[in-house]
Amino acid sequence: MISPFPFSAIVGQDQMKTAMILTAIDPGLGGVLVFGDRGTGKSTAVRALAALLPPITVVQGCPVNSEAPQDCPAWANVTDHTMTERPTPVVDLPLGVTEDRVTGALDIERALAHGEKSFEPGLLARANRGYLYIDEVNLLEDHIVDLLLDVAQSGINTVEREGLSIRHAARFVLVGSGNPEEGELRPQLLDRFGLSVEVASPNTVEERVEVIRRRDAYDRDHAAFMAKWQAEDTTLRDAILSARAALPQVETSDEILHDCARLSLALGADGLRGELTLLRAARALAALRGAGRIDRAHLRDIAPLALSHRLRRDPLDEAGSSARVARTVADTLP
Amino acid sequence: MITTAPTVRSSDWDRALRALSALMVDPAGLGGMVVRARPGPVRQRFEGALPGLPLPLRRIHPGLDDAQLFGGLNVAASLAAGHMIRDPGLAETPCALLLPMAERTPAALAARLSQLLDTGGGHCIVLLDEGAEPEETAPASMSDRLAFLADLSVVRSADAAIRLPAPADIDSARRHLDRVQTPSDDLTQLVLLAARFGIDGARAPMFALRCARALAALDGEDNTTQDHLREAVQLIYAPRATQTPEEDEAPDPDPDQDAPPDPANTDADSVASDTGQIPDDLLVQAVAACLPADLLMRLERSSRARGSPAAGSGAGFKRQANRRGRPLPSRPGRIDGRARIDVIATLRAAAPWQTLRRKARESHPQLIILPADIRLRRFEDRSDRLLIFAVDASGSAALSRMAEAKGAIEMLLAQAYAKRDQVALVAFRGTGAEVLLPPTRSLVQAKRRLTALPGGGGTPLASGLRAAFDMALHGQRVGLSPSIAFLTDGRGNIDLAGTPGRAQAREDAQTMARLLSGLRLPSVVIDIAPRPGPESAALAGWLNAQYLPLPRADASRISAAADAALTR
């Protein structure tokens, strides 16, 4: 398989790229939802992210990518405790997937061929400590959504079926993409995403031409193109790593907390998850920009991403939610 | 509407062949093509040319399962051999996939095939779209990723002769392809042109570029020329265009037709005039010449197809499912990665035969299970409900009722995620009926279409009934459970043909209503006349529907009444 399109070579789409980088800095943010038209680089960005992210250290052969030998689940029977590095997992969750594939199930093949009862880990196990990507997330079947909601909340996948009783860690960053014209997303799932981004095609000819030019160079002169952008990707990766290290030291003043609360109140966002995500995302953004403390500029930049999908949808409101957030931000945070 | 000028139509065939030869030169880069045609001699002849693709041709079907696509356990062989034997999947080796009945492709398979194209495994997909109705089309997520769309539905068999470059020429073109260069100006031209035809996204210009190169390679040129560009934009842009450049200057006459909420079109245009890089008018004309005469109708179709529902589950009819719902007795079947195995039932089925089977074999394993023993779980599921509003927008049913109907629809939509309902709106006025909102659960789409809802004119009741009937049939075909709410005063005065006359109008309405009642759908007639009269009650009688006079109902009462009347 050829290496994916480099992340830094994606033209424009700064909001989407920022959102994805922030989840790499703080995986606890709760994922990114990308809504937009076809052919705007949604899938490209997610697949590029996999190559950009720093590798993780895992116990060799552990099905859930455990960080330390004692974390390996007992059912996996991992005896070899050597550690290896592997790329951050980015797991695709296709639309028609079955529950068995998502959570894992009795290993029918082993059961029939060898008469052993063993657990076959599913996509959630593979996505642990990485990313779970759902294209066309708004078309996902409801029972799969239910499963995801539960696991995304608790970080633990519990399987109770066919005589198996299994638990394993499943902490992943949920990345969803879709086209809002094809259907709405259930509010419960919408709320689980930390950040949401709306993408559109670039709106200048120069940018559009550049998109085509880079894509063409990627296809035709793969090695040279990758070499050219590898350096940029490395810079970005280093920035992510140093932001990760700086994250715990970022200070949060009381005024910022007040600002977060005022903003959420003014928007009437449901629940407190909005404020919490806003704060976390602002902190990650401050860390990325090398600032020691969160200031209003960070809040202002991140508020549309963190809040626009949490508003009560008003069927009679003509303007989009992000416009409402931008207006409120301008009013409350002068 | 469709003008069958033979000279124009025969070039459909030529273009399809030209597209196919470009595809033969660069199958992986161009992704493939959609061929829209019913099975027949024309399509057969086209299919006959497909083995010319430089990839092994594999015919697949919309029911393709994961094991066949991505590889999986060969149960029969494994059980017989006693160890695991895997079958390789189609995804493993580059090949050309031919998918007939593409309009039946489920969203899940479309997503997987799109993923296959995105990861660049060197596959190429030819979709044979056999849709009979305009709204039956191949999934948009797939056709967007394939370079060409060839419509062969009106090509006459006599015109369809295979004229393709010789295989040796194609081979040499393929070797030559990497050396073909494109001037940088051409790129800008392609992008500008895409914007002028209202084509969004980066895929179309990319395909046009690759197509121009493939054509240049076929001609043995080292550089793409204007001729190649012209042909490429004809092939790629004409089927994707959402507007003609002329419309561009004037304000868009119909906001419904506009592509997604993008400032891109207008912005790109303003940039175009800023930099003075107006694309070559020759190119514009080239594409415009290939635009079908019924562009607007096609747009309607494509946006309708976009709203076509994904499989889901909710409050509709019962159907058998293999994932959720109330359990049913398990049935014999094959492991295909979709259904779950009922282990207990499988063992129970295998148990009586164990002694015999052990005797028949040399070795004596504990348990011998054959593929025939395998039992799969089944569940009973309910399909999505499709609520069709047929609204009388004539002058006689006061115009204000439209606002209430719109409000009711929006309210139902706002709860659609909870009830698993889809909502559609048919309005009839003047001389005929039109579908204002195809079945959707999307608020975004609904809002855009509801804003411009016209009113006034006569009452073509029969046409309204017919439109509702068509939509209900279509809904049933895609697995929805339709129910219909009529908002009318029942005083039809225009017949099916669109001519005034009460007697004929009444007769037509009665015929259509009887036809509709044959579908046995739950339906309700809401009389919205200021003074409810016998006409609506008669209509309800023909339809075998509930009758609800609601002379002064507001949006919330209409939505509640429709919901209550149609819920079983």
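Below, chain A is the first sequence line, B the second, and so on; all start at residue 1. Quick caveat, the model's predicted, so the values are computed rather than measured.
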* Asked: Taking A:I212 as the fixed residue, which of B:L190, B:T188, B:V191 is the one that meets the side chain to side chain contact (heavy atoms under 4.5 Å, CB included) rule?
  ->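 The passing option is B:V191.
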Is [X] close to chain B through its backbone or its side chain, or both, or neither, when contacts mean heavy atoms under 4.5 Å?
X: A:D92; answer: side chain
X: A:D216; answer: both
X: A:R215; answer: both

* Would you say the side chain of B:S141 lies within less than 4.5 Å of the side chain of A:E136, judging by non-hydrogen atoms? ->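 A:E136 reaches B:S141 side chain to side chain.
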* In terms of heavy-atom pairs under 4.5 Å with chain A, which of B:T182, B:L187, B:I344, B:L177 leads? ->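 With the most close heavy-atom pairs to chain A, the winner is B:L187.
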* Asked: Between B:R213, B:R210, B:R203, B:R145, which shows the greatest number of heavy-atom pairs under 4.5 Å with chain A?
  ->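 Option with the top pair count is B:R213.
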* To do: Mind checking the CZ-CE spacing from A:R214 to B:M206? Nearest 0.5 Å is all I need.
  =>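 Output value for this atom pair is 13.5 Å.
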